[in-house]
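None of these values were measured; they are calculated from a predicted model. Quick note: residue numbers are just sequence positions, from 1.
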Amino acid sequence: MKHNRCSIETFFLLVRAGLFGRTEDTKHLLQGDVDWAAIYQLAKEQGVVGLVAEGVETLQCEKYGINISQLVPREWVLRFAATTLRTEQRNLAMNTFVANLIVWMRKRGINAFLLKGQGVAQCYDKPLRRSCGDVDLLLNDENYQKAKDYLLPFASSSAAENEYKKHLGMTINGWMIELHGCLRCGFSARIDKELDKVFRDTQYGDNARTWTYKNVQIPLLEREHDVLYVFIHFLNHFYKGGVGIKQICDWCRQLWTFRDSLDFVILETWLEKTGLMDEWRAFGLFSVEYLGMPKSAMPFYSDAEKWRRKARRILQFIMKTGNMGRNRKDDKSDDSYWARKTNSLGQRICDLANHLTIFPMDTLRFTPSILLNGLRQK
């Protein structure tokens, strides 16, 4: 669905208000007719309905002197509120499921780290309003095999295992669980080598964080590794089919929450080793310009014109693809293997051609691995 400029600007205004309480340029909402159906659709496409609802509530705050009835029709206030309530209820259910899952696995000697998801949600002012997705668990080789053996009998369905990434997805009690035996992304051997080091440091180091829910301590990656992994994760989707505002908001909230405790030397060294400083700075400027991320909390921030140009092109791609590429997903389950591969290959080639205008050298660097690993997947 193509959205007009007014809808996109209003959408980002509300995202900024929900993410960081930023209310600059609110007066633009009073100018002309805002298509609230389009705003709601955009929020769904990008996986941030709860965040936009929080933005609407922020504008209701008396200290800004704004009459919300002038800005948002009551029917849309109620629509956002109802969807947000469902999101909160689903998050509560997922939190309970994750805590129980960790306990069940520990009783069988299986230890796991929680990746992204509900752990990252704790960096938001209102964690329950973040749209939840899968349950991602990181395990060492022994625990990965034990988890497969233990959980698969309970699964109502499972996907084909990716042996290179040591990744297996399955559905249990309506929840999608993804087991990760490593942190590899599969679009660069150089990056995967550094991610393997992060994995080893996580498994054999002594610097994990924990999130406690209902008296259950749930292990999380340490701060720098968590920030870098979330960054790599959305970059992986950017290069392979579609990244959404939700994923970049996760990164922003991490950086904001950890702003006084991050080791910038570790971050900079890692980005130099992986060659990803250009992507960091471009998405950093995007986050400041469109999501309201405070400049002071964005490491290595630069407002040079070349990053601004890249940020505009990133915006165009995000608006086109939606969160995790949902704007372009069709039900092709009945297509043959080769028909699906041909469609996927054509899409990736078009995306990579687009990315050549944003990150030309890295796109050329990543293309062979992206295409090869895409063909390997079933």
Side-chain angles (χ1 to χ4, degrees), residues 94-95 97-122 133-155 158-172 175-213 215-236 250 254 263 266-267 269-270 273-274 369 373 376-377:
M94 174 172 266
N95 289 346
F97 176 77
V98 169
N100 289 337
L101 181 63
I102 292 294
V103 170
W104 297 334
M105 292 172 67
R106 279 181 185 156
K107 287 180 178 178
R108 287 151 184 84
I110 306 170
N111 296 309
F113 287 79
L114 181 66
L115 294 175
K116 306 183 279 90
Q118 303 307 91
V120 172
Q122 307 316 304
D134 305 332
V135 178
D136 293 85
L137 301 175
L138 179 67
L139 311 102
N140 63 24
D141 288 345
E142 179 184 357
N143 285 318
Y144 179 72
Q145 186 59 49
K146 288 165 67 176
K148 285 197 300 181
D149 294 341
Y150 170 56
L151 294 176
L152 277 173
F154 298 102
S158 62
E161 183 175 11
N162 185 314
E163 295 184 3
Y164 172 72
K165 292 184 180 180
K166 297 181 181 177
H167 173 271
L168 176 64
M170 65 185 76
T171 302
I172 297 178
W175 301 104
M176 181 66 186
I177 299 174
E178 296 191 8
L179 304 180
H180 299 262
C182 67
L183 293 170
R184 294 170 189 161
C185 58
F187 67 87
S188 164
R190 176 180 175 183
I191 294 171
D192 284 349
K193 180 181 178 181
E194 295 303 319
L195 287 171
D196 283 344
K197 292 179 182 178
V198 171
F199 174 77
R200 289 194 295 270
D201 188 43
T202 298
Q203 294 294 339
Y204 305 111
D206 188 27
N207 52 1
R209 297 179 297 124
T210 58
W211 162 48
T212 302
Y213 185 76
N215 297 319
V216 178
Q217 290 192 329
I218 302 167
L220 309 173
L221 300 184
E222 59 93 11
R223 290 179 179 84
E224 288 78 16
H225 290 165
D226 211 9
V227 166
L228 289 168
Y229 182 67
V230 167
F231 172 68
I232 286 293
H233 182 254
F234 78 66
L235 203 60
N236 185 42
D250 284 351
Q254 282 184 313
D263 188 326
I266 292 177
L267 294 180
T269 300
W270 201 89
K273 285 183 178 180
T274 55
S369 292
N373 285 316
R376 284 175 177 168
Q377 292 179 2

Are the side chains of [X] and [Y] in touch, meaning some heavy atoms are under 4.5 Å apart?
X    : Y    : value
Q203 : L138 : yes
D196 : R184 : yes
L151 : L179 : yes
W270 : L195 : yes
I172 : V135 : no

Between [atom1] of [X] and [atom2] of [Y], what distance do you get to the nearest 0.5 Å?
X    : Y    : atom1 : atom2 : result
R223 : L267 : CZ    : CG    : 12.5 Å
I110 : N140 : CD1   : CG    : 10.5 Å
L183 : I232 : CG    : CD1   : 10.0 Å
L139 : H180 : CG    : NE2   : 9.0 Å
Q122 : T212 : CD    : OG1   : 10.0 Å
T269 : D263 : OG1   : CG    : 8.0 Å

Shortest non-hydrogen contact between [X] and [Y], atoms and distance:
X    : Y    : value
Y164 : C182 : O-SG, 4.1 Å
K116 : V230 : CG-CG2, 4.3 Å
R190 : K273 : NE-O, 2.7 Å
S369 : S188 : CB-N, 4.2 Å
L221 : F113 : N-CD2, 4.3 Å
P153 : Y150 : CD-O, 3.4 Å

| task | Ignoring hydrogens and angles, tell me if any N or O in the side chain of E222 forms a donor-acceptor pair with the backbone of E224 under 3.5 Å. | result | yes
| said: Determine whether a donor-acceptor pair (N or O, by modelled atom type, separation under 3.5 Å) exists between the side chain of D192 and the backbone of C185. | reply: yes
| task | Show the numbers, then the answer: is there a side-chain hydrogen bond (donor to acceptor under 3.5 Å, both in side chains) between Q145 and D149? | result | CA-CA 6 Å; Q145 186 59 49; D149 294 341; 3.1 Å; yes
| request: Could you go through the salt bridge (charged side-chain N to carboxylate O under 4.0 Å, His left out) check for D141 and K166 one step at a time? | output: CA-CA 9 Å; D141 288 345; K166 297 181 181 177; 3.0 Å; yes
| query | After noting the C-alpha distance and the side-chain angles of R106 and I102, does the key distance pass the side chain to side chain contact (heavy atoms under 4.5 Å, CB included) rule? | reply | CA-CA 6 Å; R106 279 181 185 156; I102 292 294; 3.4 Å; yes
| query | Angle class for the H233/Y229 ring planes (parallel below 30°, perpendicular above 60°, tilted otherwise)? | reply | tilted
| task | Assign the ring pair F231 / F234 to parallel, tilted or perpendicular, where the plane angle (0 to 90°) is split at 30° and 60°. | result | perpendicular
| Among L101, V103, V98, T210, the one residue meeting side-chain contact (heavy atoms from CB on, under 4.5 Å) with I218 | V98
| Is there a side chain to side chain contact (heavy atoms under 4.5 Å, CB included) between L152 and L168 once you walk through the steps? | CA-CA 10 Å; L152 277 173; L168 176 64; 4.1 Å; yes
